[in-house]
Amino acid sequence: MVPVQPEHAPFPLQRDHLVEETLYVGHIIDERYMSVTWPSMPIGIAEISQRLSMWLAMRQPAGAESDQPTGRGTVETWDAIRARRNVRSYTDDTISDADLDRITEAGWRAPSASNRQHWDFVVVSDRTQLAELSTVWRGAGHIAGAAAAIALVLPEPPDERSRLTDRYDLGQATYAILLAATDLGIGTGHSSVGEQDKARAILGVPDDHLVAYLIGLGYPADRPLQPIAKPDRRPLDEVVHRGHW
Ligand SMILES: Cc1cc2nc3c(=O)[nH]c(=O)nc-3n(C[C@H](O)[C@H](O)[C@H](O)COP(=O)(O)O)c2cc1C
């Protein structure tokens, strides 16, 4: 990905631009609305340029990946929804604490049945822990190469109804996490957890809790996150029933 040079940035950037407050910046590019949410910690011009190039890649997809104009301008959330996909290979870049905080806060803000919030999140960025976590399930290999992972933890449910609602709620928290990460250009990759005792030991999770899933996080090594024109899904009209089945 070619970094956007300051002179090509869509709005004037100064060499001494260090952003210390969370600031929302919007700009019209080719009649499309681009928005950038700066992190709430000081960053330098190089990182601003890198973030802009990432955003431009997401906002201005090319060729077959091109999205259809809505006629109402591009909505940031809509782009993130269409760009999210499971990412299982990551660059060596680390994820800033500010970005990790935002991603986990997204999960924390998710709705839950009766606002019970029967979840805990364990954020891991230690390489040894990540390597160990990659062995807790046959589909967890990508966790070893992730910059970080979030373990989604549930308490042992008291009854079947709680088991169902807790899982539903955790799904909502998961999707909030995925979208918040995508919004930052960070890829996410699910993994189930098979070996519970091992996962609990790696993370220090109490015995009466379940390490339900792991979410690997990292900047995509394969291709940037861009809106996917034709996702691998059952046909929309087969899935969506209007008025009756
Ligand atoms: C509950 C759940 C468990 C999953 N477990 C794994 C897993 O163990 N390993 C893996 O590589 N992907 C896992 N995935 C990712 C799915 O395979 C993936 O979401 C699906 O193929 C759709 O692809 P997409 O996310 O790129 O659209 C899981 C997804 C969900 C929702």
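This structure is a prediction, so every number in the text was calculated from the model and none was measured. Whatever order the structure lists them in is the order used to number ligands and atoms, beginning at 1.
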Ignoring hydrogens, just give me the one of I228, T174, N86, V193 whose non-hydrogen atom is nearest atom 18 (C) of ligand 1. N86
Can a non-hydrogen atom of G189 be found less than 4.0 Å from any atom of ligand 1? no
Cationic N near anionic O, under 4.0 Å, E160 to R163: yes
Looking at atom 15 (C) of ligand 1, is any protein heavy atom nearer than 4.0 Å to it? yes
On a heavy-atom basis, I'd like to know which of R233, H142, R167, H190 is closest to atom 23 (O) of ligand 1. R233
Check A149 against I143 and note the closest heavy-atom contact, atom names and distance. CB-CG2, 4.1 Å
Of all the atoms in ligand 1, which lie at a distance below 4.0 Å from a heavy atom belonging to Y213? 1 (C), 3 (C)
Considering the heavy atoms of R88, write down every atom of ligand 1 situated less than 4.0 Å from one of them. 10 (C), 11 (O), 12 (N), 15 (C), 16 (C), 17 (O)
Between D166 and L170, does a side chain to side chain contact (heavy atoms under 4.5 Å, CB included) hold up when you go through it step by step? CA-CA 6 Å; D166 288 354; L170 195 66; over 6 Å; no
Please give me the minimum heavy-atom distance between H209 and V153, naming the atom from each residue. CB-CG1, 3.7 Å
For P220 versus G185, what's the shortest heavy-atom pair and its separation? CD-O, 3.6 Å
Does this structure show an ion pair linking D222 with R88, if we count only N-O contacts that are shorter than 4.0 Å? no
Relative to atom 3 (C) of ligand 1, which among S192, P231, S191 owns the nearest non-hydrogen atom? S192
Thinking salt bridges, do R102 and D99 make one under a 4.0 Å N-O criterion? no
I'd like to check which ligand 1 atoms, numbered from 1 as shown, lie under 4.0 Å from a non-hydrogen atom of R84. 24 (P), 25 (O), 27 (O)
For R85, take its heavy atoms, then give the atoms of ligand 1 lying under 4.0 Å from any of them. 26 (O)
Which atoms of ligand 1 sit under 4.0 Å from any heavy atom of W137? 8 (O)
Please find the pair of heavy atoms, one from G145 and one from R127, that lie closest to each other, and give the distance. C-NH2, 3.8 Å
Within the structure, does A140 bring an N/O atom to less than 3.5 angstrom of an N/O atom in ligand 1? no
Neighbour count >12 (heavy atoms, 6.0 Å) for atom CG, D92: no
Nearest protein heavy atom to atom 9 (N) of ligand 1, by residue and atom, and its distance? G139 O, 2.8 Å
Is R138 close enough to touch ligand 1? Criterion: a residue heavy atom under 4.0 Å from a ligand atom. no
Short check: is a protein heavy atom less than 4.0 Å from atom 21 (O) of ligand 1? no
